[in-house]
Amino acid sequence: MSEECFVAEYIVTNNRSSIVAATARVETTGATPTNRLLATVVAAGYQANLSNEQDRTNVGDTAGGLRVAIIGSGSAAFAAAIRAADAGAQVTLFEGGDVIGGTCVNVGCVPSKIMIRAAHIAHLQTHHAFDGIAPNQPSIDRGALVRQQQARVEELRQAKYQDVLENYPGIHLIRGWARFADPHTLTVTRPDGSENSFAADRILIASGARPAIPDIPGLRDTPYWTSTEALVAEEIPKRLAVIGGSVVALELAQAFLRLGSEVTILARSTLLSKEDPEIGKALAGIFEEEGARVLRHSVPDAIAHDGKAFILTTRHGEIRADRLLVATGRQPNTERLALDKAGVDIGGNGTIAIDNRMRTSVEHIFAAGDCTDQPQFVYVAAAAATRAAVNMTGGDAVLDLTTMPAVVFTDPQVATVGLSEDQVRAQGIEAESRTLPLEHVPRALANFDTRGFIKLVAARDGGPILGCQVLAAEGGEIIQTAALAIRNRMTIQELADQLFPYLTMVEGLKLCAQTFTRDVKQLSCCAG
């Protein structure tokens, strides 16, 4: 620690009284970050700014002394904060909600996957293909499941977010809603209603998103659920209606179905309409086999609640349900940021447009995560934010999403990477594809579960693999191998020649590749 003193002057005014502005002189050791001093003064209810600010537009190649402000405290925010702090920046996070951690750990990835896994265990007790094991109707204590789920959520929030704050002296958290006063200044509204200003050299917007509610007559006057309420509900409704046909709708619909609800799904078009059509078609059949009612191309004309049940008016007739889950996508949390005062451009749906360096329309303002026009996956958010931090602290990093894998945690899982057959055609690329039903994958046969398929798309004449679509019980574990193959521009033949362990589901990729040149039904086991 340096023995020299750091001297800074602050202009300090109290927001909760009529004290006249005064100047305070603060002396600390040289190891004390400036943003810690600023944040401490702000936390006490005062405004604070360096009286001899450096030129923000000429920071140079090092991040020492660089002040980085981050709006949000989720995965993107923390990924950026850690990387920026490691580079020497003084980082301040602003969070207006009750808890830190954002969507994934609190109301998204973590609790949903716990619920899905619990529902899967319950389903296996009554639905499996093995002779000699008698089916067992499980007793479901939804309250106990929720308590266990939320305990793990709190544990991860503490370990991955709160503990990080305590272990990184270069990162500070301020509670309050932040909005732009000008391109370099944030106004922060504290929980007690007081307001403070905070100046920064670089700003990252990582404000996330929330469930979008469709404009259906009567819906907003009913006690509907979004995924947030559904995940912590301590009841298993006898009848559950789900509006939506995409990721969240299908994951939670199947979970409640397997926990004992009678489920009706109403999808605006088809299930997973942005994916290969064969995926949605096959998944709908699987859901219906499990007992769900799947209504495609169906949106309620009106919704009401009579005090006991929901009444959905549809072209299929009246549908009654004890609970209604609305899962029709998410909308960015940008409307209260006053982005116009910073000059940041937004799209018609409120998303922030960014380039591949995560820069907005304003050079020193960056954005990452679900508030942007990038795919809404937590690993994309974290990767984007990390690169944003590199760029904010003098580096140059880009984010390439061409081999971004995606997984939908239904059972079987949907996993995709690269281009679908339709996307290849739309780009005018000469390509070919093969689809391998799982009945030709030895591990699927050994599991007595051959639901689904593996599909590969490749350029003609021995060109590189362009895409992969998987519907399989272990789809999420298969797809990363395909992503690496595409990333390294492997051809179908090169993939077919690789060694894959037997018996594994990922061996299906090799077998699918072999179908481009031979009939795998004529091969013996482990045929190389």
Side-chain angles (χ1 to χ4, degrees), residues 108 112-113 115-116 118-120 122-123 127 142 211-219 222-231 233 235-305 309-330 406-414 416 451-452 471 473 475:
S112 68
K113 302 312 170 284
M115 180 182 180
I116 290 166
H120 179 66
H123 178 73
H127 298 82
R142 176 62 179 154
I213 307 303
D215 189 17
I216 299 174
L219 172 61
T222 68
Y224 62 86
W225 281 348
T226 67
S227 58
T228 301
E229 293 79 28
L231 285 168
E235 64 176 296
I236 301 171
K238 184 178 188 314
R239 301 169 300 175
L240 174 68
V242 180
I243 300 177
S246 196
V247 179
V248 175
L250 300 186
E251 288 182 351
L252 295 187
Q254 189 178 43
F256 274 105
L257 177 67
R258 291 178 162 191
L259 289 174
S261 293
E262 299 172 7
V263 175
T264 300
I265 300 171
L266 298 95
R268 181 179 296 276
S269 54
T270 59
L271 301 191
L272 300 178
S273 59
K274 295 181 181 179
E275 304 296 345
D276 187 300
E278 289 304 309
I279 290 176
K281 181 179 178 182
L283 198 60
I286 290 168
F287 272 41
E288 288 170 339
E289 287 178 5
E290 289 194 14
R293 184 184 183 191
V294 181
L295 304 177
R296 282 152 284 197
H297 305 286
S298 180
V299 176
D301 297 318
I303 298 174
H305 190 269
F310 289 86
I311 302 97
L312 285 69
T313 304
T314 78
R315 64 185 182 89
H316 304 280
E318 186 177 275
I319 297 173
R320 286 182 169 265
D322 301 298
R323 287 290 182 181
L324 172 64
L325 169 60
V326 179
T328 53
R330 297 177 69 79
V407 182
V408 182
F409 290 90
T410 51
D411 180 28
Q413 294 173 1
V414 175
T416 60
R451 300 170 300 161
L471 179 65

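Since the structure is predicted, the reported quantities are computational estimates derived from the model, not experimental observations. Along the sequence shown, residues are numbered consecutively beginning with 1. What's counted below: heavy atoms across the whole structure, side chains too, no hydrogens, waters or symmetry copies.
Remark: side-chain polar atoms of Ser112 are paired, donor with acceptor, to backbone N or O of Gly108 under 3.5 angstrom. In this structure, Glu290 contributes its side chain and Gln254 its backbone to no donor-acceptor pair below 3.5 Å. No side-chain donor-acceptor contact under 3.5 Å links Ser246 to the backbone of Leu272. With Thr410 contributing its side chain and Pro412 its backbone, the two residues share a donor-acceptor pair below 3.5 Å.
The side-chain heavy atoms of Leu283 and Leu471, taken from C-beta on, include a pair separated by under 4.5 Å. Residues Val408 and Glu275 have side chains not in contact (no heavy-atom distance under 4.5 Å, counting atoms from C-beta outward). Side-chain atoms of Val299 and Ile216, non-hydrogen and from C-beta on, do get closer than 4.5 Å to each other. Looking at heavy atoms from C-beta onward, Met115 lies in side-chain contact with Leu252 at the 4.5 angstrom threshold. Looking only at side-chain heavy atoms (C-beta outward), Ile243 and Pro300 come within less than 4.5 Å of each other. A 4.5 Å side-chain heavy-atom check between His127 and Arg258 finds every atom pair outside the cut-off. By the 4.5 Å heavy-atom criterion applied to side chains, His316 and Arg293 are counted as neighbours. A 4.5 Å side-chain heavy-atom check between Ile213 and Tyr224 finds at least one atom pair inside the cut-off.
Each of Thr264, Ile265, Leu312 was evaluated against Leu295; a single residue qualifies, Thr264, per the side-chain contact (heavy atoms from CB on, under 4.5 Å) test.
Taking CZ from Arg315 and CG from Leu266, the interatomic distance works out to 10.0 Å, rounded to the nearest 0.5 Å. We find the CD-CZ distance between Glu251 and Phe409 to be 7.0 Å, quoted to the nearest 0.5 Å. Separation of atoms NZ (Lys113) and NE2 (His120) is listed at 14.5 Å; rounding is to 0.5 Å. To the nearest 0.5 Å, atoms CG (Leu324) and CG (Leu240) are separated by 7.5 Å.
Nearest heavy-atom pair across Glu235 and Phe256 is O-CE2, 4.1 Å. The two residues Ala233 and Trp225 come nearest to each other via the heavy atoms CB-CZ2, 3.4 Å. Shown here for Gly245 and Leu250, the closest heavy-atom pair between the two residues is O-CD1, 3.6 Å. A pairwise comparison of heavy atoms in Asp411 and Ile286 identifies O-CG2, 4.0 Å as the closest pair. Looking at every heavy atom in both residues, Thr328 comes nearest to Pro214 through OG1-CD, 3.3 Å. Pro211 approaches Ser227 most closely through the heavy-atom pair CG-OG, 4.4 Å.
Salt bridge status for Lys238 with Glu262: present, with a side-chain N to carboxylate O gap under 4.0 Å. With respect to Arg239 and Asp322, a salt bridge is recorded, a charged nitrogen being found less than 4.0 Å from a carboxylate O. Ion pairing of Arg296 with Glu288 is present here, as a side-chain N (NZ or NE/NH1/NH2) and a carboxylate O approach within less than 4.0 Å.
The neighbour count for Arg451 CZ, taken as heavy atoms of other residues, nucleotides or ligands under 6.0 Å away, is above 12. Atom NZ of Lys281 has 12 or fewer neighbouring heavy atoms from other residues, nucleotides or ligands inside a 6.0 Å radius.
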Should Thr314 and Asp301 be marked as a side-chain contact (heavy atoms from CB on, under 4.5 Å) after you check the CA-CA gap, both sets of side-chain angles, and the distance that decides it? CA-CA 6 Å; Thr314 78; Asp301 297 318; 5.5 Å; no
